[in-house]
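Inspection log for the structure reproduced underneath, given as structure tokens.
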Amino acid sequence: MKRSHHCGELGLAQVGQTVTLAGWVASRRDHGGVIFIDIRDRYGLTQIVFDSEENAPLHSIADRLRNEYVMAITGNVSVRPEESKNPNLPTGSIEIRANALELLNEAKPLPFSIEDDVHASESLRLEHRYLDLRRPRMQQLLHLRSQVTHLTRQYLHGLQFMEIETPILTKSTPEGARDYLVPSRVNPGDFFALPQSPQLFKQILMIGGLDRYFQIARCFRDEDLRLDRQPEFTQIDLEMSFVDREDIIQLIEDLIRLIFKETKQIDLPSPFLRLSFEESLNRYGTDKPDLRFDLPLHDLYDFAKTCDFQVFRRAVESNGMVKGLVIPKGAAFTRNRIDNLIETAKEFGAKGLAWVKINEDGQLDSSIAKFLNAESLRNALPTAKPGDLLVFVADQATIVHQVLGRLRLLLGEELELVDRTRWEPVWVLDFPMFEYDQTSQRYVALHHPFTAPHPEDTPLLDSNPLQAKTLAYDLVLNGFELGGGSIRIHSPRQQEKVFDLLKIAKVEAREKFGFLLEALESGAPPHGGIALGLDRLIMLLGQTESIRDTIPFPKTQKAQCLMTHAPSSVSPEQLQELSIRTTAKKPAATP
RNA sequence: GGGGCCGUCGUUCAGCCAGGUUAGGACGCCAGAUUGUCAAUCUGGAAGUCGCGGGUUCAAAUCCCGUCGGCCCCGCCA
């Protein structure tokens with residue numbers, strides 16, 4: 001029995017036809033003389049009727065059907081009695097009156113039932129992912145993912161991009177994330193690394209004259225997991241020659257707008273908003289701002305400089321800052337709630353959190369009342385209204401931004417300031433080239449060491465590297481970093497200078513990136529590119545709360561696969577063949 | 001490496017704070033009934049070493065310590 005239709009397509013138009021459907025028993029309602037079976041496949045549900053008066057032998061076979069049995073049925077498409085139509089089901093105005101049934105497979109009782117509002121815990125779902133994947137919601141997300149990669153390929157192919165694969169077994173590089181290592185059997189003691197990104201290879205491709213490259217690239221980073229972070233993830237990775245920053249921004253904006261329009265009928269703004277790194281940090285305390293709500297950080301430098309509150313004055317006098325949030329209707333917060341807010345601020349790294357309530361009558365109620373001059377506070381925060389709560393953090397800039405940036409997000413959620421129907425893409429531009437790392441006493445690249453500086457900032461590499469800005473760009477959507485890229489350095493002299501500044505010794509640079517430096521000396525075109533996090537894009541587009549829902553077989557927070565139980569120990573023979581001895585306490589697997 | 005929440009029939013929860021009945025509900029499962037359901041219904045039934053180990057106690061799901069696992073966060077993620 002071969003299926004003639006799928007389970008989501010039959011309607012009144014097919015009434016009278018004999019059809020064959022195949023799928024899983026989604027639900028079974030046994031009324032004695034008549035049995036209703038919902039048959040499910042990827043496309044939908046269709047109700048099958050087994051009537052003992054019409055076909056007694058078949059009815060008694062159907063009596064054996066249980067949830068998730070796999071079957072094929074043949075029958076006639078019939079109009080349902082008017083009062084039995086189901087408006088909630090796309091196929092709800094018809095049913096199939098069965099006249100043949102082939103039981104293709106049985107299923108034992110399941111650990112959880114296949115339904116969209118899952119009651120099962122996520123670990124149970126991951127352990128039995130094959131069942132979880134039968135849920136329409138999971139299938140919908142994977143379909144969305146497939147649609148997005150298809151649109152991307154179509155769009156980029158249309159623009160003369162070539163899809164090119166880069167190695168999965170590659171070279172470990174210093175800096176950046178921890179590498180996943182793969183031992184080389186034929187080179188005892190040597191290791192491949194799985195790529196954190198195809199960065200170097202795509203630059204080499206440009207030098208190779210391939211001009212426009214893209215790849216739906218799997219990337220690996222051996223770092224701890226988060227809600228939006230998996231150790232293996234997928235990037236829409238591309239690189240172009242003879243382009244400037246604007247070309248790439250345009251190209252990506254068009255792609256993202258196309259994806260949102262085609263898959264969700266959402267019109268994203270054109271052009272996307274842009275913020276400099278500095279503006280973003282000053283206003284939102286982060287370089288990945290969620291712009292679905294306002295609640296900006298207010299600078300209180302002038303107020304702090306002249307106020308009587310020592311903590312504030314000392315902060316600005318020692319190169320720190322004082323910033324605050326104006327929390328709408330916050331004056332109604334109980335003392336307890338404010339205390340909790342202070343605790344949270346401390347957890348985020350603040351030494352404390354000063355607060356001022358502006359009561360409805362305009363009177364101030366504050367933890368620092370005796371130091372406050374109401375007049376100068378009003379001047380400093382003209383937008384603050386009666387009924388608001390002001391909170392302040394005084395510290396070094398990084399702390400102030402981190403604490404207030406996170407409080408902003410927290411309050412945005414708690415006070416339901418976030419408009420979930422809004423989509424706020426924003427480019428964050430002009431990142432500094434370097435940060436100074438106190439622990440290692442050296443500069444570190446904010447983006448990566450191949451990022452080109454602004455042409456007008458090039459002299460700063462010699463005079464004041466921390467002031468130099470790059471031609472990097474991050475695309476942020478609703479507070480999630482969707483991707484980032486840059487125009488790359490194509491001059492070998494400039495690349496060496498950056499390695500020098502990063503204190504990557506010449507020998508080391510030659511050893512790790514020698515092929516790149518050499519390639520740069522062989523006629524490298526100006527080039528640049530970007531990588532977009534596909535999983536996060538699907539997570540946002542699909543409006544699901546975890547990146548794991550967008551990946552068919554994700555890892556748990558301990559980077560394990562609950563279904564296959566990977567990673568696992570291997571036999572001593574395997575290890576010996578690879579010239580590897582482990583110091584782990586765990587015994588090796590027995591063969 | 002650190003902080004927080006959680007772990008009880010197949011599943012999901014209650015019980016734990018204040019130790020003491022036969023550890024209870026719902027869904028699922030099994031059997032029977034049932035010709036218009038679509039969360040079908042009705043009747044009956046089976047099902048739990050309370051994550052694991054140790055301790056306190058006359059007595060531990062409950063209190064204490066450790067450990068394992070899941071999730072969220074910090075660090076980390078150029």
Side-chain angles (χ1 to χ4, degrees), chain A residues 26-40 45-54 56 59 63 66-68 78 80-89 91-92 95 97 107-128 131 173-179 196-197 199-200 219-231 233 343-344 346-349 402-403 406 409-410 431 433-435 437 439-440 443-451 470 472 481 484 486 498 502 504 533 545-546 548 555-558 560 562 565:
Chain A
S27 123
R28 153 178 178 275
R29 297 172 295 277
D30 180 357
H31 285 251
V34 64
I35 297 172
F36 300 99
I37 299 282
D38 287 341
I39 185 171
R40 182 193 66 240
L45 280 183
T46 303
Q47 175 167 283
I48 315 293
V49 186
F50 295 93
D51 193 323
S52 57
E53 278 179 11
E54 273 175 42
H59 175 269
D63 199 46
R66 292 295 180 271
N67 279 342
E68 300 308 313
S78 317
R80 292 200 196 182
E82 197 55 41
E83 62 283 4
S84 300
K85 288 189 175 167
N86 184 347
N88 300 318
L89 202 63
T91 60
E95 61 196 5
R97 304 198 72 87
K108 57 183 184 186
L110 305 184
F112 59 94
S113 59
I114 312 297
E115 53 194 354
D116 264 347
D117 51 343
V118 265
H119 300 293
S121 69
E122 192 178 10
S123 53
L124 194 73
R125 288 169 48 208
L126 291 178
E127 198 181 323
H128 307 274
L131 297 177
T173 54
E175 308 218 18
R178 206 173 282 123
D179 285 318
Q196 298 178 23
S197 90
Q199 182 61 34
L200 293 171
C219 303
F220 306 86
R221 294 181 190 172
D222 188 5
E223 295 296 345
D224 284 352
L225 290 81
R226 287 288 189 280
L227 185 73
D228 63 346
R229 256 162 49 188
Q230 279 277 306
F233 59 101
E343 271 317 298
T344 309
K346 285 181 179 168
E347 278 166 31
F348 291 168
Q402 175 178 304
V403 173
R406 291 181 60 188
L409 287 180
L410 194 78
F431 287 82
M433 190 115 179
F434 306 107
E435 280 178 317
D437 181 47
T439 26
S440 58
Y443 297 117
V444 291
L446 202 78
H447 214 70
H448 59 54
F450 317 109
T451 308
T470 61
E481 185 191 326
S486 64
V498 170
L502 292 170
I504 300 178
E545 62 289 340
S546 159
R548 295 183 293 275
K555 309 281 189 287
T556 66
Q557 200 171 43
K558 291 202 92 180
Q560 295 176 334
L562 292 181
H565 299 115

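What you are looking at is a predicted structure, and each value in this text was computed from that prediction instead of being measured. Chain naming here is simple, since letters A, B, ... match the order of the sequence lines and numbering starts at 1 in each.
- In terms of polar N and O atoms assigned as donor or acceptor, the side chain of Arg221(A) never comes within less than 3.5 Å of the base of rC77(B) in a complementary pairing.
- Distance noted for atom P between rA18(B) and rG2(B): 29 Å (whole Å).
- Distance alone, capped at 3.5 Å, places no donor-acceptor pair between the Glu95(A) side chain and the Val49(A) backbone.
- Nearest approach of Leu502(A) to Ala445(A), heavy atoms of both residues: CD2-N, 3.4 Å.
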Please list, for nucleotides 70-74 of chain B, all pairs of protein and nucleotide N/O atoms separated by less than 3.5 Å.
unit_1: rG70(B); atom_1: OP1; unit_2: Thr556(A); atom_2: OG1; d: 3.2
unit_1: rG70(B); atom_1: OP1; unit_2: Gln560(A); atom_2: OE1; d: 3.4
unit_1: rC71(B); atom_1: OP1; unit_2: Gln557(A); atom_2: N; d: 3.1
unit_1: rC71(B); atom_1: OP2; unit_2: Gln557(A); atom_2: N; d: 2.9
unit_1: rC71(B); atom_1: O3'; unit_2: Arg548(A); atom_2: NH2; d: 3.1
unit_1: rC72(B); atom_1: OP1; unit_2: Arg548(A); atom_2: NH1; d: 3.1
unit_1: rC72(B); atom_1: OP1; unit_2: Arg548(A); atom_2: NH2; d: 2.8
unit_1: rC72(B); atom_1: OP2; unit_2: Arg548(A); atom_2: NH1; d: 3.4
unit_1: rC72(B); atom_1: N4; unit_2: Gln557(A); atom_2: OE1; d: 3.4
unit_1: rC73(B); atom_1: OP2; unit_2: Leu227(A); atom_2: N; d: 3.2
unit_1: rC74(B); atom_1: OP2; unit_2: Arg226(A); atom_2: NE; d: 2.7
unit_1: rC74(B); atom_1: OP2; unit_2: Arg226(A); atom_2: NH2; d: 3.4

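- Taking atom C1' on both nucleotides, rG53(B) is separated from rG7(B) by 16 Å, rounded to a whole Å.
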- Task: If a protein heavy atom is under 4.0 Å from the base, mark B; if only from the sugar-phosphate, S; if neither, -; do that for nucleotides 31-44 of chain B going 5' to 3'.
- Result: S--BBBBB-B----
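- Between rC72(B) and rA33(B), the distance separating the two C1' atoms is 49 Å to the nearest Å.
- No salt bridge links Asp224(A) with Arg229(A); every basic N to acidic carboxylate O contact stays at or beyond 4.0 Å.
- Here rG7(B) presents its C1' atom at 14 Å from CD of Glu127(A), a figure rounded to the nearest Å.
- Pair check for rU49(B) finds none; no Watson-Crick or G-U wobble contact set falls under 3.5 Å.
- Nucleotide rU35(B) has no partner under the Watson-Crick or G-U criteria, as no pair reaches both atom distances under 3.5 Å.
- A distance of about 48 Å separates the P atoms of rG75(B) and rA59(B), rounded to the whole Å.
- The pairing partner recorded for rU11(B) is rA26(B), the criterion being a Watson-Crick or G-U wobble arrangement whose two distances lie under 3.5 angstrom.
- Nucleotide rC63(B): paired with rG55(B) (Watson-Crick or G-U wobble, both distances less than 3.5 Å).
- Atom P of nucleotide rC29(B) and atom CG of Leu110(A) are separated by 9 Å, given to the nearest angstrom.
- Taking atom P in both rU34(B) and rU43(B), the straight-line distance is 16 Å, to the nearest Å.
- Note: Tyr443(A) and Phe434(A) have tilted aromatic rings, judged against thresholds of 30 and 60 degrees for the angle between ring planes.
- As the counterpart of rG75(B), no nucleotide is assigned, since no Watson-Crick or G-U wobble pattern has both distances under 3.5 Å.
- Straight-line distance between the P atoms of rA61(B) and rU56(B): roughly 16 Å, to the nearest whole Å.
- Between the CG atom of Leu446(A) and the CE atom of Met433(A) there is a distance of 10.5 Å, given to the nearest 0.5 Å.
- Without hydrogens or angle criteria, Ser27(A) side chain to Asp38(A) main chain gives no donor-acceptor distance under 3.5 Å.
- Straight-line distance between the C1' atoms of rU49(B) and rC30(B): roughly 24 Å, to the nearest whole Å.
- Remark: the separation of the C1' atoms in rG20(B) and rG15(B) is 14 Å, to the nearest Å.
- A salt bridge between Arg40(A) and Glu68(A) is present, with a side-chain N of the basic residue lying under 4.0 Å from a carboxylate O of the acidic one.
- As judged by a 4.0 angstrom heavy-atom cut-off over every strand, Ile35(A) is placed among residues making no nucleic acid contact.
- Counting only distance, with no hydrogens or angles, the side chain of Ser52(A) and the backbone of Gly33(A) share a donor-acceptor pair below 3.5 Å.
- Here the side chain of Thr46(A) pairs no donor or acceptor atom with the backbone of Ile39(A) at under 3.5 angstrom.
- Of the possible donor and acceptor atoms, one in the side chain of His59(A) sits under 3.5 Å from a partner among the backbone N and O of Gly32(A).
- Look at CZ on Phe112(A): it is 19 Å from C1' on rA26(B), rounded to the nearest Å.
- Taking a pair to require two hydrogen-bonding distances under 3.5 Å in either a Watson-Crick or a G-U wobble arrangement, rC5(B) pairs with rG70(B).
- rU21(B) makes up no base pair with any nucleotide shown, lacking Watson-Crick or G-U wobble contacts both under 3.5 Å.
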